[in-house]
Amino acid sequence: MSEQDRIQRANLPIPDKQYLGVRPFDARDPAAKFPPITPLRPPKGAPNVLVVLIDDVGFGASSAFGGPINTPTAERLAQS
């Protein structure tokens, strides 16, 4: 089982993996070594999902969510 398969995907966003190595004071230190960054890919067959988080919009809420701001594209997305 690959590392990609072991990632828990029940909660979004997926939390960053904790670094358990020694943390140098300066990244320019020649002894500073970090694991390579690997891209996070969805599993095969996963649906395309768009997560939009809008916080504290107050009176600027979009029309797709009952607000006064006209957002026709967001309305089309919400209807489908």
Side-chain angles (χ1 to χ4, degrees):
M1 182 183 272
S2 72
E3 183 178 349
Q4 292 281 332
D5 296 332
R6 289 190 300 261
I7 295 173
Q8 296 297 318
R9 297 170 184 269
N11 297 318
L12 294 176
I14 296 171
D16 291 334
K17 192 167 58 172
Q18 287 186 340
Y19 177 67
L20 302 175
V22 177
R23 295 182 190 263
F25 288 112
D26 191 343
R28 296 173 291 186
D29 182 355
K33 297 197 187 296
F34 297 96
I37 297 172
T38 56
L40 180 62
R41 304 297 307 159
K44 287 193 175 207
N48 290 330
V49 176
L50 173 65
V51 176
V52 178
L53 175 64
I54 302 172
D55 184 26
D56 198 23
V57 293
F59 292 108
S62 73
S63 58
F65 302 103
I69 307 300
N70 186 21
T71 53
T73 303
E75 287 181 37
R76 282 194 309 273
L77 286 170
Q79 289 173 357
S80 64

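Asn70 is linked by a side-chain contact (heavy atoms from CB on, under 4.5 Å) to Ser63, Pro72, Glu75, counting only residues two or more places apart in sequence or in another chain. With sequence neighbours excluded, the residues satisfying side-chain contact (heavy atoms from CB on, under 4.5 Å) with Ala74 are Ala64, Thr71.
A single hydrophobic cluster is not seen to contain both Leu77 and Val49; linkage of ILVMFWY side chains at heavy-atom distances under 4.5 Å, directly or through other members, places them apart.
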